[in-house]
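See below for the structure under consideration.
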Amino acid sequence: MAPQTRRMTFPNVVIERDTDSEPSSSDEEEEEEEVEEEEEKVVENKNEERMEEPLEAKKKGKTPITISLKKVCKVCKKVGHEAGFKGATYIDCPMKPCFLCKMPGHTTMACPHRVATEHGVIPAPRRNTRNPLEYVFERQFRPGVLRIKPAFVIPDEVTCAVIRYHSRRITCLEFHPTSNNVLLSGDKKGQVGVWDFGKVHEKMVYGHIHSCIVNNMRFNPTNDDSVYAASSDGTISCTDLETGISLSLMNLNPDGWQGPSSWRMLYGMDINSEKSLVLVADNFGFLYMVDTRSNNKIGEAILIHKKGSKVVGLHCNPVQPELLLSCGNDHFARIWDLRRMEAGSSLYDLAHKRVVNSAYFSPLSGSKILTTSQDNRLRIWDSIFGDLDSPSREIVHSHDFNRHLTPFKAEWDPKDPSESLVVIGRYISENYNGAALHPIDFIDISTGQLVAEVMDPNITTITPVNKLHPRDDVLASGSSRSLFIWRPKKSELVEQKVERKIVICDRAEKKQSRKYGNKSDDSDDDKFTSKGKKLKSNKPEWKLTRCSGKVKR
DNA sequence: AGACAATGACTCC
DNA sequence: TGGAGTCCCTTGTC
């Protein structure tokens with residue numbers, strides 16, 4: 001029989017069979033299985049390039065097989081090691097820099113940042129050591145911010161409601177400004193979902209507003225029922241959530257598709273309520289302003305980032321809305337004064353090593369800056385009045401770029417009076433009782449400490465989109481096409497007033513049989529597909545999962 | 001179970 | 001400046 005080669009991903013496997021001894025069974029499938037077994041043996045048997053069929057196999061009367069193979073790493077293509085999942089644990093390629101901190105010389109498993117997120121982080125100073133002028137400014141600017149940080153209130157257990165009505169991955173989330181149980185979600189296809197998670201079945205999906213990625217949404221500050229959205233189709237929409245009627249404020253591609261070099265996409269967006277402006281930025285580095293009263297574009301587009309680079313984030317300072325923060329693919333976050341907007345006139349340029357996925361002023365005082373960069377670092381500037389040449393702190397955290405994932409963005413907890421609690425999804429998985437899970441991390445940005453990891457053993461996908469509720473103890477997450485609402489189990493919040501690290505994962509055993517879980521199990525997930533293929537009318541379109549917690553000190 | 005596709009940052013030339 | 005090639009702990013579908 002001719003030599004067989006198997007799977008392209010398993011290179012250099014050559015099986016030679018002696019021609020004078022026919023197999024006892026000629027069944028192709030059985031042969032295949034035998035070969036599989038032999039491969040396993042060889043792989044386990046150290047690293048030999050060529051080896052003979054073990055003697056016992058010959059004794060058993062099996063066909064003598066000679067196998068030549070090498071252990072080849074799928075990452076660096078070198079022999080002698082293999083990268084990839086071993087059960088629920090990912091083994092790094094030792095030839096590559098650490099997947100977490102990006103430094104050479106160690107793997108993710110041995111990375112000091114993996115063991116302790118605060119590794120190498122210098123905590124924020126307790127006393128104000130800046131000069132008197134800055135102090136006066138700061139007192140005016142941040143009246144409500146507590147000097148002494150209260151302990152975080154983190155539950156031991158949470159419940160998680162899951163719903164799936166998006167047909168493409170979720171790209172952005174927004175809580176309704178006044179209706180506590182309403183969550184808006186945008187997806188890659190351009191659909192906008194409105195979910196009343198207080199009433200299970202109350203959901204609405206608007207599919208006609210945009211034709212591709214919804215990159216950012218903001219509620220109209222003067223009308224709770226209308227929401228603005230910026231999309232890669234090059235338009236800004238304003239949608240009335242009651243009627244579903246949507247109007248387009250601006251269209252950057254009036255002549256339709258003329259090729260990728262001219263197609264403009266809108267990414268960053270924010271609203272300046274003082275000036276009644278919608279600010280948007282495109283994939284070529286330009287900022288546009290639209291008056292929300294007349295729906296007219298104001299002035300010409302202004303180049304605010306490197307020409308031809310994507311501007312992914314815009315944020316107006318919550319206290320001083322004339323201050324604008326932008327960030328983008330040119331590796332910079334920039335601070336601007338809206339009263340003097342012209343190319344090159346930024347007040348500060350905050351340098352990063354890679355693309356900056358998000359840059360936000362702190363939600364209460366507006367005096368801190370938090371950025372998420374694709375170099376796996378969160379950067380914090382403690383005061384916009386202080387030294388902005390370098391960040392006050394860099395926290396190594398796994399939130400790499402992957403083209404198939406919505407970019408990760410660290411989000412402030414708008415309820416934290418000390419402006420130090422931040423939520424962000426984690427890219428790399430951890431082996432939790434045999435399941436590879438990607439938790440949602442709560443990080444104290446004043447120390448770099450991981451305060452809590454939130455996870456559900458049923459949720460095996462990465463959760464890059466997260467938003468904390470402005471008033472309630474609610475976390476909304478977008479993971480692939482699913483939406484989650486996490487809430488603490490009632491009765492627990494009062495008891496737990498200590499700062500601690502919590503792991504919510506004690507049901508992970510359930511997934512032990514699974515190699516590593518990206519595919520849905522026998523759960524109800526499939527019933528929620530947009531195509532409605534497996535949708536059964538008598539089944540609810542959501543599920544509540546209880547996750548009991550375990551405290552790790 | 002495996003193949004495949006969707007598709008973005010980055011480097012090199 | 002742009003095109004080709006590479007990166008290589010995704011996710012869902014067929």
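The chains referred to below are lettered A, B, ... by the order of the sequence lines, with proteins before strands, and numbering in each begins at 1.
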side-chain N/O A:S480 vs C:dG12 OP1/OP2, d < 4.0 Å: yes

Does OP1 or OP2 of B:dA5 have a side-chain N or O of A:R169 closer than 4.0 Å? no

OG of A:S262 to CG of A:L252: how many Å apart, nearest 0.5 Å? 11.5 Å

Between CZ on residue A:F401 and CG on residue A:N376, distance to nearest 0.5 Å: 13.0 Å

For atom [atom1] of [X] and atom [atom2] of [N], their distance in whole Å:
{"X": "A:H331", "N": "B:dC10", "atom1": "NE2", "atom2": "P", "answer": "4 Å"}
{"X": "A:K188", "N": "B:dA6", "atom1": "NZ", "atom2": "P", "answer": "10 Å"}
{"X": "A:H397", "N": "C:dC9", "atom1": "NE2", "atom2": "C1'", "answer": "14 Å"}
{"X": "A:R168", "N": "C:dT11", "atom1": "CZ", "atom2": "C1'", "answer": "11 Å"}
{"X": "A:N283", "N": "B:dG8", "atom1": "CG", "atom2": "P", "answer": "11 Å"}
{"X": "A:N357", "N": "B:dA9", "atom1": "CG", "atom2": "C1'", "answer": "11 Å"}
{"X": "A:H404", "N": "C:dC9", "atom1": "NE2", "atom2": "C1'", "answer": "13 Å"}

Looking only at atom P, what distance separates B:dT7 and C:dT13, rounded to whole Å? 15 Å

For atom C1', what is the distance between B:dT11 and C:dC9, given to the nearest Å? 23 Å

Go through the structure and list residues passing ring pair (Phe, Tyr, Trp, His ring centres under 6.0 Å) with A:F175, not counting sequence neighbours. A:H469

Can you name the ring pair (Phe, Tyr, Trp, His ring centres under 6.0 Å) partners of A:F284, sequence neighbours left out? none

Base, sugar-phosphate or nothing for [X]? Non-hydrogen atoms, less than 4.0 Å.
{"X": "A:I428", "value": "base"}
{"X": "A:S398", "value": "nothing"}
{"X": "A:S429", "value": "base"}
{"X": "A:D400", "value": "nothing"}

Review item, nucleotides 11-13 of chain B N/O atoms under 3.5 Å of protein N/O:
none

Residues A:H210 and A:S237: side-chain donor-acceptor under 3.5 angstrom: yes

Could you tell me whether the side chains of A:H166 and A:S185 share a donor-acceptor contact shorter than 3.5 Å? yes

Applying side-chain hydrogen bond (donor to acceptor under 3.5 Å, both in side chains), name anything that partners A:S479, two or more places apart in sequence or on another chain. A:T461, A:T463

Give me each pair satisfying salt bridge (charged side-chain N to carboxylate O under 4.0 Å, His left out) with a member in residues 429-439 of chain A, each pair once, sequence neighbours excluded. A:R114-A:E430, A:R426-A:E430

Flag side-chain contact, heavy atom, 4.5 Å: A:L173 against A:L483: yes

Any N/O pairs under 3.5 Å between the protein and nucleotides 5-8 of chain C? List them or say none.
residue, atom, partner, partner atom, Å
C:dC7, N4, A:R403, NH1, 3.4
C:dC7, N4, A:R403, NH2, 3.2

Closest heavy-atom pair, A:T372 versus A:L378, reported as atoms and distance to 0.1 Å, is OG1-CD2, 3.9 Å

